[in-house]
Structure formats: structure tokens, C-alpha cells
Amino acid sequence: MPNNEKEISSFMKCLFAGSIEREMVFPHPQMDKEEAESLKLILESLRQFAADNIDAGEIDRNQEIPAEVIAGLAELGLLGMSIPETYGGYGFSATAYNRVFEEIAGIDASIATTFGGHQSIGLKALLLFGTEEQKKRFLPKLASGEWLAGFALTEPGAGSDAACIKTTAVKDEGSGDYILNGNKIWITNGGIAHYFTVFAKTMVGDAEKISAFAVTRDMEGFASGRKEEKLGIRGSSTTELTFDNVRIPAENLIGPLGKGFKVAMEVLNSGRLGLAAGCIGGIKRLTEMSVDYAKNRKQFNTPIAKFEMIEEKISDMIIDTYVLESMVYLTTALIDRGDIDYSVESAICKVYASEAVWRTASEAMQIAGGIGYSPEYPYERALRDARINLIFEGTNEVLRSFIALAGMQEHGEYLKEVGKALQSPLSQLGVLTDFAFSRIRRTVATERLEDVDAGLRQEVGKFEEYARELNIAVEKVLTKHKKDIINQGFILERLANMAIDLYAMAAVISRLDTALKEYGKEKVSRELQIGKAFCEIAWRRIRRNRRQVEHNSDPLHKSIAENAYESEGYDFDLIS
Amino acid sequence: MKIIVCMKQVPVQDSLLKITDDNTWVHEDELNWEINESDNYAMEAALRLKEEHGGEVVLLSMGPDRVKESIKQGLAKGVERALHINNEDFTTRDPFINAKLLAAAIKQESPDLVLTGLQADDTGFGQTGPILAEYLGLPHTSIVMEIEKSNGGIKVKRELEGGWFQSVELPLPALLSIQSGSNQLRYATIKGIMMAKKKEIKSLTLADLGLAEDEVDDSNSSLNFNRIFIPEKTKKAEIFEGDPKEIAAKLADKLKNEAKVF
Ligand SMILES: Cc1cc2nc3c(=O)[nH]c(=O)nc-3n(C[C@H](O)[C@H](O)[C@H](O)COP(=O)(O)OP(=O)(O)OC[C@H]3O[C@@H](n4cnc5c(N)ncnc54)[C@H](O)[C@@H]3O)c2cc1C
């Protein structure tokens, strides 16, 4: 067992190491009253603006968000919500920002993508790492919406493996400027943003290391390509960016030289929560549509809502929404507390949310039947829009690896010989958060979740049981595979899935417990149904994943895939 | 120019209404509330006048604690301050009594102009504005679409039926009932929302208004709610016979003289 005196950083990292940091997830956070009141008014205003001005179907068909819509959002002040007041914004918390993002995504996914590209990731590096001078120079224009922002990391040869980018920023010794050369692809807001956070290789001593730079469209040698055609989020602008000897003044370096990878990863850690919150907005909207349709569509003389196979789909949507709200807003509150490493938690939220919105879009289409497949109804657009979430801001495969490997980091340090190996290959995965985690002190280490309402005894029992199982599984696989663990994708996926369900259970139990203590059983009875139904699903899934860590047919699957590579696909034929 | 806008909070449009067991009202606890539509237009008209000619817009609303939410929306849109007649302890649904209460509050302010919405989306009486004008002794006109300042008074455009408009001049002070759709409504900006926090919502009690409870509660009302019910569905179909020409003539006659659609 790890040393209990050690300082540990995140709820999930602790959980992997076998201890439950209750204080980090209990009670379920409540928003500051005054901020909540402003937030309500903002949401109301946004809803009215959207009802009058936004037509998601038209945005999709025209592959264009009308300029007045973006201008309207800017006018409302939404483009500077998360920017501090000193720089022309409003300094809202991560929780409030993400709640607004959720609402926008429920209105239109293309607008949400543009909004997130600007504020969740585009300008985030300035907020997190910018100097006072940089903030003063850039943030007011970004807060007012005069400029939009973008985040430029991905390149043709560097997607998931973001650490291997080829764009270079070479220091011109004469002027001290950096000369930027290379190209980026798939850049959200590429055609409309004026400001970009661009990542490039720089020399630090003899080593090539990534640095982050503030680049603006007016710089000579900067160009953006034509707008990409896409399956979904078609109104958002996605383009290539090219840099041909772009001269960047040294004062545009964001964060320390050579620390750009850390900048990128920190930005994405918080950006992923926005994405997850956005998925909640999408799911809520789809659920409303599905409920309405199911109640009104009759077959066999019965509203289809009454068929149990439809009820199952609707209840799944409600459960997913409840679980996601519980997790996402627990995690945003961790950001707002500051100094807590939430990287694994935000990756968990992103994976769960993106898969839930995709599942929901698919089931909503199923409930709608034939009309669901027609572009005259919003279901097929919702399905197309939902799909990107499994791909960008870290694919779900890469994030599952990250969840498992970063989760095991603390553990790996304990198993000395593995520790080192766990770190360096991770950076090849492009997922290593290579910063020194701001650790919070573990005062009381425990393996129990104490003081939870008696009505949740069973759920708490299962949580504790499977938290222990995760810890045991980690020990086993690390002992068995040692540094080769990074190549054990089948196993990593299962550990990640266990972790996802455990975090979801913790968030749900926390929310229910907090509600029970505040309002009593009577008032919380419907929520209890939802939470209990989820915990039942979750622990059974965890149990299956746990079993399959040791008892599985992985070798068969590996062999089948490899044979397919050999024979270039499926090479059997019934008519031979 | 000092303008008072009367604003009522009403159930959100398309609310599912549940009737109480005694069949005299609806269950209010489960409803969501919003600013009455035409009152929003009254507020917009007031804000535009203020922006053009200077002065102040004061929002006046009567209702229980919950109406503060709607008042805050108004403050966030640019209204300077608000008066809230808190009737948490008494209910009135009678436009006569409502107007009496509003008039008492307005008299203390001596405004140049009072704007109300044309009618409330819940009860739909459309009477509070005109009665209020009588209580205040002010000239009044309704279904107002546009307001312009003129020499010593205002000139307004009223909507009549069949696409006709009327232009009316009134001296100030005056009271106008504003029609929905007369302007593009503004949205509360975050800046406005933050500024609204510092604005005053003055709570007024009956004592503040110099009224006694028995003057205003429902027992004193000339209006009785005997039975509230959801419109009953009736099916009535009439099938015309004859050649197309005859049928068309019969149909036209029915539409004109019975259904009175034209
Ligand atoms: C619409 C859109 C908008 C975008 N916006 C931006 C933006 O604003 N800024 C920006 O920088 N980028 C942006 N991207 C890029 C996006 O982040 C990348 O597409 C994504 O990270 C995946 O990279 P890739 O496309 O190169 O896929 P690859 O990395 O080539 O991945 C292909 C497949 O291999 C899998 N895979 C890769 N490595 C592993 C591994 N180690 N283990 C298991 N599986 C693995 C992946 O999961 C995936 O299924 C955007 C992309 C799109 C489509």
C-alpha cells in the first residue's frame, strides 16, 4: 500500500492508489448565491436571444453562423464571461461558464464549437499563463468579441501524438523575434479568429521543446485555408493555418520557453470540461424532443411512450444527464477551488459525456423512427453534430489511456522500477501532464466513504468495494506488466472504464447525500431512483471490467486484428 | 422624463395549468413565471424614450416575492429602479382593486408618463390600464405602437382594426397601454445584469400606500370566480350538399354570418 503520509493530488489519482479523499467530493458543491442569481438572468437572456435569432437548421444547411449571431453573443457579454474584469470581462467561475456553455450547446452545436474554440481553449493559455502585459494587450479585445480566438496544436503528422509537432519557431538572434514556419490543420475558428495560441518546436539549449506563442492574423506570412466540409458542426469554421516566416515578437511567448506542452495540456484539461458540459446541453435538448415525440406518436393505438423498450431509452437519457451533471459540475467546482489536479477527472467527464450524447442522439433518432432520418427534422443533425465529441480535444481512446496511466502514476511512483517508465512513454502518447502536480495534503487517508446518508448504504458499500478492486487490479497489472503496461491497451481500457464508473458513482452519491441532508428523503425520492438505478448499472459494469482484467479473450482479439492486417481485411467467403 | 412602467408577472406561455380542487383558480406552485408579453414592450418603449430624451424609468410590479425575479430582469435591461407592492399576504384578481393599489404607488412618484401593457396574458382583462388612468386622473389611450415627443406632450400611433392606424396627441402626464410587437425587444447583457445588483427594489406595504387590507382583498371585489375550467371540446360538423357553386355560396354565407370570420 502506498505511504499514507504522502501528499497526493487528485481524487481519482488517490482512488487508484487505494484511498478515498472524501473531502474533495463532499458535499456536492453549490454555487455562490449571488453568482447563481446572475447566472439565471444570463441564461434567461440567452434563451430569449436564441429564440429570436438562432436557427440551428439554417446554420447547418448554410454551413455558416450568421455574423449577427456572433455579434449578438458578444453584445450580451458572453464572449468574455470567463475573463477577469480587469481585462474587460466578467470573471465568472468555471462552473458558471460551463453552465452557459451547456445552454449554448443545447441551442446549436456549431455555435458552441465556435464559442468553445474561442473561450474554452483559444484564449485559455493567456488566462492561465499569460504575462500581465500580454493579458492587457490581448484580453480586452477578446472579451468584447472584437477578436475571436483559436487554439492551434494539431498538424498533419501530429494529432493524438501532439508532442511530435513539426512547426518550428526559430529565434532570430539579431532581433530576438521568433520566426514561425509550418502548418496546422483542423483549427476551429481558423477562418474567423484574429488571435491564435500556436504551439511550435523551439530550441532550449540543445533540446527541441515545444513552446506556446500568441499569433495574430495581421502578422505577415500568416494564412488560413478554405473552410473544411464536415459531417456535423457544419456552421463552425475549421481550417488549415500556414505560417511562412511569420515573425513573432519575443514578448508573445506564452509561459516559459520549452513549456508549451504543459500549456497545451492544461488548456485542454479545462477545455474538456466545457465539451462535457456542452454534451449535457445536447442530451437535455434531445431528451425533451424524445419525450414529446414519444407521448404524441401513436402506434397499435398506444402512445409509443408506453412501450417499455421506449421507456428504457428515455430513462437512460435521464440517468445519463443526472450522472453527467453530478460529475461535470463537481469537477468545475474543483477548478474553482484552485490548486487541485483535475486532469483525470476532466478526461473522465469528456469520455462519459461524448459517448452519452452520441448514444442519446442515436436513441432519439430511433424513437423518432423514419422521420428521425429526414433532414426536415432535427434528429439527424443532432446525430451528426454529436459525433465530433468522441474525436476532438483528445480522442476517447487516448483519453482512456490517459485516465488509466495518469491514474496509476502515483502508484507507479510507489512501485519504483515502474515509475520512471510510466512517465516518459506517456509523453509519446501526447497525454502526459508533465507539470509538478499541485498537491494537497492528505491528512486523513481512508478507504471508506464515511458519514453518508443511511439510505445510500448499499451504493456506498459497492463504491468502497470496487474502489478497492481498482486498487488491487492496478497492483496486479503493474506487477505483471511493469513498464510494458503502456502497451496493454485492452487492460488500460478496462481500468479506465472502472475509473469512469467509480468517479460517476462518487459524484452521484455525493449529490444525493447532499440533497438528502438538505431536503430530506421525501423531496429527493425521484433523484434517488435515478441515482440508485445508475449505481446498479455502474457497479455491475465495474465488476465485469474487473473480472476481465484477468479473465479475458484479449489474445484472441489481438490475433484476429493482426490476421486482418496481414490479409488486408476480411478474407473469408461463404461461397468458396 | 420620468416614466413608470407597470409590469405583471404571469405564468410562462404554454404552461400546463392544473385547476385547484375548488375549481376557482389554478395551482400556482408548480408554474414557471415570466414578464407579461406586452409589459415587456411597454418597458422597451420606456427605455427608448429615456435613451432619446433623458430621465428615468421606474418599474412597478405587484405580486408575491417571486416577482422580484422578473423585476431583476427589468433592472438588468436598463430600468433605473423598481417599486414592488408585495402582496404575499393578500391576493387580488380584480382589475379595479389592482388599479387602486398601483395608483396609490404611482401617485407618490408623480411621473410624466405611465406605461402599461395592453393586457395580461393570464387573465386577459385588458382593464387595469384604463381604470388606472381614471384613478390617476390622466388622459389615456391604448393599443399604442409608437410614441414620439411633441410640443408639450406626446404623439402616439395606435393600431386600429383591419390594418388601420390612428395618430393621437396627448398632453403630459398621460397613461398609455402598449401593444406587443411594437418594437424589437432588447436582451439583458451581462454588463446590465452586473449593474442591476446595485439598483434599488423598494418594497411597498399596504401601510406605505395608505390602504387598509379590507379595501383591497378579494372579499371586497366586485368580481367572483365561480368556476374555472378548461374549454370543453365540442364536435360539430356540417356537410353541405349540392353542386360546387351552391356549396361555395352556402359556405360563404355561413362563414360570414355564422362564424363571422369576415
Ligand atoms: C472539427 C474538428 C475541429 C478541431 N479543432 C481543433 C482545434 O481547434 N485545434 C486543434 O489543435 N486541433 C483541432 N482538431 C484536431 C483534433 O483534436 C484531432 O483530430 C484529434 O486530436 C485526433 O487527431 P488525428 O485526427 O490526427 O487522429 P489520430 O491521432 O491519427 O488518431 C486516429 C485514431 O487512432 C487512435 N489512436 C491514436 N493514438 C492512439 C493510442 N495511443 N492508443 C489507442 N488509440 C490511438 C485514435 O483514438 C483514433 O481513433 C479538430 C478536429 C476536428 C475534426
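The figures here come from the full heavy-atom set of this structure, side chains too, leaving out hydrogens, waters and symmetry mates. Letters go in sequence order (proteins before strands), and every chain restarts at 1.
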Taking atom CD as the centre, does Q127(B) end up with more than 12 heavy-atom neighbours from other residues, nucleotides or ligands that are less than 6.0 angstrom away? yes
Y90(A) side, atom OH; I193(B) side, atom CD1 - distance, nearest 0.5 Å: 9.5 Å
Pairwise side-chain contact, E44(A) with E69(B), heavy-atom cut-off 4.5 Å (strictly under): no
L78(A) versus chain B, the contacting section by heavy-atom distance below 4.5 Å: both
Y187(B) side, atom OH; L46(A) side, atom CG - distance, nearest 0.5 Å: 11.0 Å
Less than 4.5 Å apart, side chain to side chain, heavy atoms only: is that true for Q48(A) and Q73(B)? yes
Taking all heavy atoms of S45(A) and all of A188(B), pick out the closest pair and write down the distance. OG-O, 2.5 Å
Can you measure from CG (L41(A)) to CE (M194(B)) and round to the nearest 0.5 angstrom? 10.5 Å
Can you tell me if NZ on K40(A) sees more than 12 non-hydrogen neighbours from other groups inside 6.0 Å? no
Hey, is CZ on F125(B) packed in by over 12 heavy atoms from elsewhere, all under 6.0 Å? yes
When you look at CG of L160(B), are more than 12 heavy atoms from neighbouring residues, nucleotides or ligands closer to it than 6.0 Å? yes
Is the closest basic N to carboxylate O distance between E37(A) and K197(B) below 4.0 Å? no
Once rounded to the nearest 0.5 Å, what's the spacing between atom OG of S38(A) and atom NZ of K72(B)? 9.0 Å
Output yes when a side-chain donor or acceptor of T189(B) lies under 3.5 Å from a complementary backbone atom of L76(A), and no otherwise. no
So CG of L185(B) and CG of D52(A): to nearest 0.5 Å the spacing works out to 7.5 Å
For atom CD of E376(A), is the number of surrounding heavy atoms from other residues, nucleotides or ligands below 6.0 Å larger than 12? no
Answer yes or no: does atom OH of Y519(A) have more than 12 heavy-atom neighbours from other residues, nucleotides or ligands under 6.0 Å? no
